[in-house]
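Below is one structure, written out as structure tokens; the observations come after it.
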Amino acid sequence: MLEAVKVGVLGLGTVGSGAASILSRNADEIARRAGRGIQISVACVRDTKKPRACDISNVVLTEDANQVVCSTDIDIVLELMGGTEKARELVLKAIDHGKHVVTANKALIAYHGNEIFQRAQEKGVSVAFEAAVAGGIPIIKALREGLAANSIEWLAGIINGTGNFILTEMGDRGRDFGAALKDAQQLGYAEADPTFDIQGTDAAHKLTILASVAFGVPLQLEKVYTEGIAEITAKDVSYAAELGYRIKHLGIAKRTAQGLELRVHPALIPQRRLIANVDGVMNAVVVKADALGPSLYYGPGAGAEPTGSAVVADLVDVVRALTSDPENRVPHLAFQPDALSDIPVLSMDDVSTAYYLRIHVLDRPGVLADVTRIFAVHTISIEAIIQKEPQSDLASVPIVILTHQVNEQNMKCAISEIEELETVTGEVMRIRLETLS
Ligand code: NAP
Ligand code: HSE
């Protein structure tokens, strides 16, 4: 067998330690797959004195990233430190020094992927990023290679493990938001800045990447409509359940005749859909492709070894292709770089979905007639309506309405008119509803 390939690592935290542990535990099996051994020889961290969750006896630890990215001794750099600007600088430097790169950093790819892939192509090296989306699930490989025959129609995914963990803990175990988030942080699921998980930023980074490999478009993070989960209440979770739905935080990319929809927001999904039953840190992505039809990819979306699994799989791919002609490698964004499409991305106002609305009204005759008159003006058709029991501490009663599909702009106008009714108290809660059929 050939000599082991030497790898340098930027970051030996949750994911870095997970990848390092897998590489040493499964060394023989990995060498049989890759055709040669893979060995981490140097790792850059912020603090070399900090204890590590992996065996570092054969690894040189440094606080100088140049010892990794400029080393003449290593062929592949693992970027597992996170962040965007420093990571961009180091990844570009590594590429300029002829290193292949494997990263788990979705923010880096979503913000700077177009530049990084172009530079990698010029230098004839690969940048692999399977671990950046949906943790351990090989969804990038599935879209880029397994579904290469298909035209992708849409995909919808639960692509943030922390958010799904929090929603599950709140819904199933009645835990409060803060305690569930704390657990997700302790388990190593959350981002360094957990608002990225809660506000949908992390899911938007991942959706940007998924949309590019699904539709062959450049990475366009700035065009993703993004809403988080912080507004979802336990009442909405329970009203949705009564109506046969579960609330999940989804990333959706859809091709329509007018353009692409790219959106991240909470959504009601029928309980009978498999994806509605994806709980805890698990992620899942449904892909609707023209030839295959629907397929579902499910697995752990975060954590040391699940994410490390995707990092090491990328490493094996890169090692197998070390001697291949760069022009004949799988393109970074699945489509040839000179064949990317400029299909426009739609504004959220031009998107149509069904809706769940929770409206608090005074319990008086004629109130519903006022609401339905506004719906009629904005061509909103009602699918179901229920009036809930009055809440003891409020003078109002909640009405829950499911609508048929309507354009977002129409719904926005209707909601603002409903909120102005003298008989309506407080803001209208609206959550989009996706049948995923
Ligand atoms: P983490 O536990 O905070 O680890 C980050 C590592 O990078 C630490 O070892 C840290 O050093 C090092 N580091 C940070 N900034 C550095 C700098 N400027 N110079 C040198 N070293 C630096 O983070 P993580 O959870 O492993 O996440 C790493 C990346 O994977 C992120 O891009 C994240 O989005 C992505 N990701 C994470 C998961 C997950 O489940 N955690 C899943 C998928 C993708 P010290 O240890 O000395 O502080
Ligand atoms: N913070 C991310 C999540 C890590 O919870 O999904 C995996 O990308």
Side-chain angles (χ1 to χ4, degrees), residues 8-20 42-54 56 59 61-69 77-91 102-112 129-137 139-140 157-168 180-181 183-207 209-210 228-229 249 251 264 280-285 299-311 314:
V9 185
L10 299 168
L12 216 45
T14 303
V15 181
S17 299
V42 53
C44 169
V45 290
R46 265 181 307 220
D47 177 1
T48 51
K49 298 196 181 60
K50 217 168 160 178
R52 300 288 151 190
C54 57
I56 47 163
V59 179
L61 275 195
T62 174
E63 290 170 19
D64 176 9
N66 286 324
Q67 283 194 37
V68 175
V69 295
V77 170
L78 303 187
E79 186 283 298
L80 306 172
M81 59 190 256
T84 44
E85 296 321 308
K86 186 80 185 159
R88 169 187 168 273
E89 179 197 319
L90 292 174
V91 162
V102 174
T103 180
N105 190 338
K106 49 272 164 146
L108 173 73
I109 299 297
Y111 275 106
H112 299 301
F129 52 92
E130 182 65 73
V133 183
I137 308 174
I139 184 66
I140 299 298
I158 295 171
I159 47 178
N160 182 267
T162 303
N164 202 41
F165 179 85
I166 293 172
L167 282 179
T168 308
L181 170 60
D183 278 0
Q185 288 176 293
Q186 273 163 3
L187 290 162
Y189 303 156
E191 293 305 299
D193 177 354
T195 61
F196 275 38
D197 297 295
I198 293 153
Q199 292 174 353
T201 315
D202 177 73
H205 294 153
K206 293 167 180 167
L207 186 76
I209 299 171
L210 285 177
I229 58 170
H249 194 214
V264 169
V281 73
M282 303 308 267
N283 280 194
V285 182
E305 291 217 0
T307 312
S309 159
V311 169
D314 269 351

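Both ligands and their constituent atoms are indexed starting at 1 by order of listing.
Taking atom 25 (O) of ligand 1 as the reference point, the nearest protein heavy-atom neighbour is T14 CB, 3.6 Å. Of all protein heavy atoms, the one lying nearest to atom 41 (N) of ligand 1 is G188 O, 2.9 Å. Of the protein's heavy atoms, M81 CE, 3.7 Å lies nearest to atom 18 (N) of ligand 1. Shortest contact from atom 10 (C) of ligand 1 to any protein heavy atom: R46 NH2, 3.8 Å. Annotation: atom 4 (O) of ligand 1 to nearest protein heavy atom, G13 CA, 3.3 Å. Counting protein heavy atoms only, atom 35 (C) of ligand 1 is closest to A104 O, 3.3 Å. Summary of contacts: the protein heavy atom closest to atom 26 (O) of ligand 1 is V15 N, 2.8 Å. In terms of protein heavy-atom proximity, atom 45 (P) of ligand 1 is nearest to K50 NZ, 3.4 Å.
Under the 4.5 Å side-chain criterion, counting only non-hydrogen atoms from C-beta, L181 is in contact with I198. Between V133 and V285, every side-chain heavy-atom pair lies at or beyond the 4.5 Å cut-off. Looking at heavy atoms from C-beta onward, R52 lies out of side-chain contact with V59 at the 4.5 angstrom threshold. In this structure the side chain of H205 never reaches within 4.5 angstrom of the side chain of I109, judged on heavy atoms. In this structure, the side chains of P300 and M282 come closer than 4.5 Å at one or more pairs of heavy atoms. Two residues are said to be in side-chain contact when any heavy atoms from C-beta on lie closer than 4.5 Å; H112 and V91 fail this criterion. With a 4.5 Å cut-off on side-chain heavy atoms, Q199 and I229 do not count as touching. For the pair H249 and N164, the minimum side-chain heavy-atom distance is 4.5 Å or more.
Checking only distances, R52 does come within under 3.5 Å of ligand 1, N or O to N or O. Residue K86 places no N or O, backbone or side chain, under 3.5 Å from any N or O of ligand 1. For ligand 1, one of its N or O atoms has an N or O atom of L12 under 3.5 Å away.
In terms of modelled atom types and a separation under 3.5 Å, the side chain of D314 and the main chain of F129 share a donor-acceptor contact. One N or O on the side chain of E130 and one on the backbone of I139 form a donor-acceptor pair closer than 3.5 Å. Under the 3.5 Å distance criterion, the side-chain polar atoms of E63 are matched with a main-chain donor or acceptor of T48.
At least one protein heavy atom sits closer than 4.0 Å to atom 48 (O) of ligand 1.
Look at A65 and you'll find every heavy atom at least 4.0 Å from all atoms of ligand 1. For G303, the heavy-atom gap to ligand 1 drops under 4.0 angstrom. Residue contact check for ligand 1: K106 places a non-hydrogen atom closer than 4.0 Å to it. Heavy atoms of E79 come nearer than 4.0 angstrom to ligand 1 in no pair at all. Proximity of A131 to ligand 1 is established by a heavy-atom distance of less than 4.0 Å.
To the nearest 0.5 Å, the span separating CG on L187 from OG1 on T14 amounts to 10.0 Å. For the atom pair OG1 of T307 and CG of L80, the computed distance is 9.5 Å after rounding to the nearest 0.5 Å.
Interface atoms of ligand 1 facing D47, defined by a heavy-atom separation under 4.0 Å, are 47 (O). Below 4.0 Å from some heavy atom of C44 lie the following atoms of ligand 1, by number and element: 20 (C), 21 (N). Within ligand 1, the atoms closer than 4.0 Å to a non-hydrogen atom of A302 are 40 (O), numbered from 1 in the order shown. Those atoms of ligand 1 with a heavy atom of N105 less than 4.0 angstrom away are 32 (O). Each of the atoms 5 (C), 6 (C), 7 (O), 28 (C) of ligand 1 lies under 4.0 Å from some heavy atom of L80.
With sequence neighbours left out, R88 forms a side chain to side chain donor-acceptor pair (under 3.5 Å) with E115. Applying the side chain to side chain donor-acceptor pair (under 3.5 Å) criterion to D197, with sequence neighbours excluded, gives N160. Applying the side chain to side chain donor-acceptor pair (under 3.5 Å) criterion to T103, with sequence neighbours excluded, gives E79.
Of all the heavy atoms of E191, the ones lying under 4.0 Å from any atom of ligand 1 belong exclusively to the side chain.
Among protein residues, K106, N160, G161, T162, Y189, A190, E191, D197, D202, K206, G301, A302 come within 4.0 Å of ligand 2, judged on heavy atoms.
A side-chain donor-acceptor contact under 3.5 Å links T195 and D193.
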